[in-house]
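To keep things clear, I will list the structure first and then write my remarks on it.
This one's a predicted model, so the numbers in the text were calculated from it and none came from an experiment.
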Amino acid sequence: MATHLTHWGTFESVSDGEKLTAVRPWHGDPEPMPLIDNVASAQHHRTRIAQPHVRKGWLDHGPGAPGRGDDPFVPVSWETALELLSGELRRVYDQHGPEAVYGGSYGWASAGRFHHAQSQVHRFLNGLGGYVRHVNSYSMGTSSVLLPHVLGELHWMLGHSTTKTVIAQHSELVVAFGGLSPKNTAVTPGGVSRHHSRGWVAAAHARGCRFVSIGPLRDDITAEADAEWLAPRPGTDAALMLALAQVLDAEGLSDKGFLDKYTVGFERFAQYLHGRTDGVVKDPRWAEQITGVPADRIQALAHEMAGARTLVTVSWSLQRAHHGEQPVWLGVVLAAMLGQIGLPGGGFGHGYGSAGMVGEPARALSVPRFPQGHNPIETFIPVARIADMLLEPGAPYEYNGLHLRYPDIRLVYWAGGNPFHHHQDLARLRTAFARPETIVVHDAFWTATTRHADIVLPATMTIERDDFGAGDNDPMFVPMPALTRPHGQARDDYAIFAELSEKLGFGKEFTEGRTAQEWLRHLYDQWRPADLPDFDTFWAGDGLELPVAAEQVLFADFRADPEQHPLTTPTGRIEIFSETIDGFGYSDCPGHPVWLEPAEWLGGPAAQQFPLQLIANQPRSKLHSQLDVGAHSQSTKIAGREPVRLHPQEAAARGLSDGDIVRIANDRGSCLAGLIIDDAVRPGVAQLSTGAWYDPDPSDPSFCRHGNPNVLTADRPSSTLSQGCTGQLTLVEIQAYRDEVPELAVSHPPATA
């Protein structure tokens, strides 16, 4: 029985050398996840890539040949593939330079830290002279730009958030904007050893803590919370938060001493709050008209928050929307007005319902990683602007106070991740992917991204290679010996790049003369503190328990002494009004938080044509789109389609029944899904998780036959400030699908020639 690590948990397995014959949860996990069942069932699925392939049009006619996404592929030998690829890399770097290459690794490709695909491809491209990179993420692209201006560096804050044990012991009220979704907290970049999403909530509730879950889905919080559910119109949380703030200030419930000592700009914000700048008082009656939440409940909640040790937490989902900066900023403002930032069980949290690492005690040691080297190219894009970059080379754009231009990309090199999962408006992305001269992809499966490549190199799964890993803020550092032989001719990324770098003349610099196993030993030995075992002992064991911090309270030091422990904001204080942001002059993100009407919401004119707000959230049955062909993921589908949930009254109004195949559509695209009728979804809302592999109709790329909601979502930035993605919300209509249900192409390999 061998132990292995995934982003969603640790498991134990038995292997016959070719495949896993048994998979079970790690014995130390109190709340194991069924997602581990996807691993063994996906390993030898027919969509595994067994050998290198080259798109026929590219092979016959050279770089830039049309037909990407439609052409058949030609199976080739590794020797042929690497010869073609090395020649193409030489051509692009020689003729156009490194600013013509986008190093597009984005995703959760490997829980192992050495074979982390992003580290591998970036080290390789740095050896060639550099590449255009991305910054930020689809998950937190908005917050990661906003919060350094307002509260401090996001990733430090996430790693030092008030621990869940402290919340369970001290919080009297948890107000969770966007809920505390147990499916999201089951996952952490790099892995989770011990799940306890239900345990800490149950402990807090048993002690008397109340939970209020604010969002369109009743089950976006674990049942152990026994939570009150408030369901405002999606996208209107900022209006609700403004009304709560107005009550706190107007009725003398805010902590003026805290605001004076620890914040800047409250008075300027208060002018807006009370309508002195625009004539609109942001009171509960105003908010009721926007949100649908009764004014008396808003007023009462404000009093409850002021009368208790209250944690205000905001899910990452809220910032993944048009004007997503505003609810995050307002969550900080509410916590500051309550005066509880830095107190045990009070203050502000961001992401307690979004990823497992939030609220875990900070680990005293980082774990070893493969060094990426130095990228001399300064050009970058916010990650969610990839389609704009490819479609509009040379076009100017604004980002976080900078005046930038999109580079002219000739070659995209992608290893790890699936942009046809993460990105919005997939028909537009497909058009954008037609523009580069060459697209190279390493992957284990025939995802939509590999089907839109020119050179496809088969990569191993984690179970087919040696590695080690630990999740962010997770105490377990786990050895990950290969459990089986690779599928077909698959190779790990390191082996691919080692051979390519040799062909391109910098093999010694890339490998430093080490095999993958020798790198693992070298990295471990460089990292190992004296009190931890040597590599051979570590490799033969089940893992190391690394030391973690004692129970922590976010910003406790700042509260104790703001002069000695200032925040990393420009003023060292909490910035309710930001001079920096105000100075940028962005109308879609002014200097303090405001209510800005989203482009698509149930109170806007577009809802006349598309009367349902679609929630495109994270799936329960897989991590993003990973292993969608696995048994657990497939078990949740309806006639092979991703399930969509709809409130009974909305289903009845459309004559729909449980299990129907429906067509979800707006003016960007459409997709098929299988219907689940469920009163846990707010009326006026449909919920279709992301993660179904994009399966476009050959005659209409905007029509996904499998159920990918990103054919419907807008490729629209959250704001000029962050240029973050807005994939969480869109407006749609749903109807019964009366035509013959088409077969899925994505569950089979593409055609070969």
Pairing residues for Glu733 by the side chain to side chain donor-acceptor pair (under 3.5 Å) criterion, not counting sequence neighbours:
Arg654
Over 60° means perpendicular and under 30° means parallel, so tell me whether His422 and Tyr138 are parallel, tilted or perpendicular.
parallel
Under the side-chain contact (heavy atoms from CB on, under 4.5 Å) criterion, do Asn617 and Thr690 qualify, and how do the steps go?
CA-CA 6 Å; Asn617 63 350; Thr690 62; over 6 Å; no
Using 4.0 Å as the upper bound for N to carboxylate O, is an ion pair formed by Asp425 and Arg668?
no
For the residue pair Phe370 and Phe510, does the interplanar ring angle fall in the parallel (under 30°), tilted (30 to 60°) or perpendicular (over 60°) class?
perpendicular
Thr447 vs Thr47, side-chain contact (heavy atoms from CB on, under 4.5 Å): CA-CA, chis, key distance, verdict
CA-CA 8 Å; Thr447 67; Thr47 54; over 6 Å; no
Would you check if the side chain of Arg133 reaches a backbone N or O of Tyr131 as a donor-acceptor pair within less than 3.5 Å?
no
Could you go step by step and tell me if Asp443 and Trp414 meet the side-chain contact (heavy atoms from CB on, under 4.5 Å) rule?
CA-CA 9 Å; Asp443 208 312; Trp414 210 285; over 6 Å; no
Which residue pairs pass the ring pair (Phe, Tyr, Trp, His ring centres under 6.0 Å) test with at least one member in residues 376-396, sequence neighbours excluded?
Phe380-Tyr399
Report yes if the distance between the aromatic ring centroids of Tyr106 and His421 is under 6.0 Å, otherwise no.
no
Could you give the side-chain donor-acceptor pairs of residues 578-586 under 3.5 Å, partners two or more places apart or in another chain?
{"unit_1": "Ser578", "atom_1": "OG", "unit_2": "Thr580", "atom_2": "N", "d": "3.4"}
{"unit_1": "Ser578", "atom_1": "OG", "unit_2": "Ile581", "atom_2": "N", "d": "3.0"}
{"unit_1": "Tyr586", "atom_1": "OH", "unit_2": "Gly401", "atom_2": "N", "d": "2.8"}

Are His706 and Tyr694 an aromatic pair, judged by ring center distance below 6.0 Å?
no
Basic-acidic side-chain contact under 4.0 Å: Lys56, Asp454
no
When you look at Arg369 and His116, which way does the side-chain hydrogen bond (donor to acceptor under 3.5 Å, both in side chains) test go after all the steps?
CA-CA 8 Å; Arg369 298 169 184 259; His116 181 230; 5.1 Å; no
Determine, step by step, whether Leu504 and Glu502 satisfy the side-chain contact (heavy atoms from CB on, under 4.5 Å) criterion, reporting the C-alpha distance in whole Å, the side-chain angles of both residues, the deciding distance to 0.1 Å, and the verdict.
CA-CA 5 Å; Leu504 291 163; Glu502 190 67 33; over 6 Å; no
For Glu378, look at atom CD and say whether over 12 heavy atoms of other residues, nucleotides or ligands are found less than 6.0 Å away.
no
